[in-house]
Amino acid sequence: MDLRYFSWLRERIGTGHEVVETQARTVAELIEELKDRSEAHAFALSDLKSVRAAVDQQLVGFDAPLEGAREVALFPPMTGG
């Protein structure tokens with residue numbers, strides 16, 4: 001599965017893209033797995049109030065299923081202006 005990180009998540013994790021194999025059934029389970037990858041992942045994903053997710057380019061909640069997903073993107077909330 002392709003993972004994409006944007007903005008300060010990319011900066012804190014140290015990369016904008018990873019390919020991972022996961023058994024996670026939901027975005028929340030994937031994030032919990034990612035926290036164990038490194039201290040940088042754990043720090044970046046420590047406050048999920050500041051994180052949004054998209055599965056295959058569709059904005060989703062953390063309870064979204066991952067079955068059949070090819071890509072998950074994690075990014076900070078967007079603001080308009």
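This is a predicted model, so every value here is computed, not measured.
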Would you say Trp8 and Leu45 are hydrophobically clustered, going by side-chain heavy atoms of ILVMFWY under 4.5 Å?
yes
d(Lys35 NZ, Leu30 CG) to nearest 0.5 Å is 11.5 Å
Closest non-hydrogen atoms of Ser7 and Pro76, given as atom of the first, atom of the second and distance, are CB-CG, 3.5 Å
For the pair Leu48 and Ile31, evaluate side chain to side chain contact (heavy atoms under 4.5 Å, CB included) and give the outcome as yes or no after the intermediate values.
CA-CA 9 Å; Leu48 295 183; Ile31 289 171; 4.0 Å; yes
Scanning both residues in full, the closest heavy-atom pair of Ala44 with Ile13 reads CB-CG1, 3.6 Å
Over 12 non-hydrogen atoms of neighbours within 6.0 angstrom of CZ in Phe62
yes
Does Arg37 form a side chain to side chain contact (heavy atoms under 4.5 Å, CB included) with Val20? I'd like the steps, not just the answer.
CA-CA 10 Å; Arg37 288 183 75 97; Val20 299; 3.1 Å; yes
Backbone of Arg25 reached by a side-chain donor or acceptor of Glu29 within 3.5 Å
yes
Find the distance between CG (Asp56) and CD (Glu71) and round it off to the nearest 0.5 Å.
6.5 Å
Would a distance-only check, ignoring hydrogens and angles, find a side-chain to backbone donor-acceptor pair under 3.5 Å from Thr22 to Ala24?
yes
Chi angles and distances behind the side chain to side chain contact (heavy atoms under 4.5 Å, CB included) call for Leu3, Leu74
CA-CA 8 Å; Leu3 295 179; Leu74 299 174; 5.8 Å; no
With a 4.5 Å cut-off on side-chain heavy-atom distances among I, L, V, M, F, W and Y, is there a chain of contacts connecting Phe6 to Phe43?
no
Distance from Phe75 atom CZ to Leu59 atom CG, nearest 0.5 Å?
5.0 Å
SB check Glu18 Arg4 (cutoff 4.0 Å):
no
Report the distance from atom OH of Tyr5 to atom CZ of Arg12, rounding to the nearest 0.5 Å.
14.0 Å
Go through Met1 and Val72 one step at a time and tell me if the side chain to side chain contact (heavy atoms under 4.5 Å, CB included) criterion holds.
CA-CA 8 Å; Met1 175 182 297; Val72 172; 3.6 Å; yes
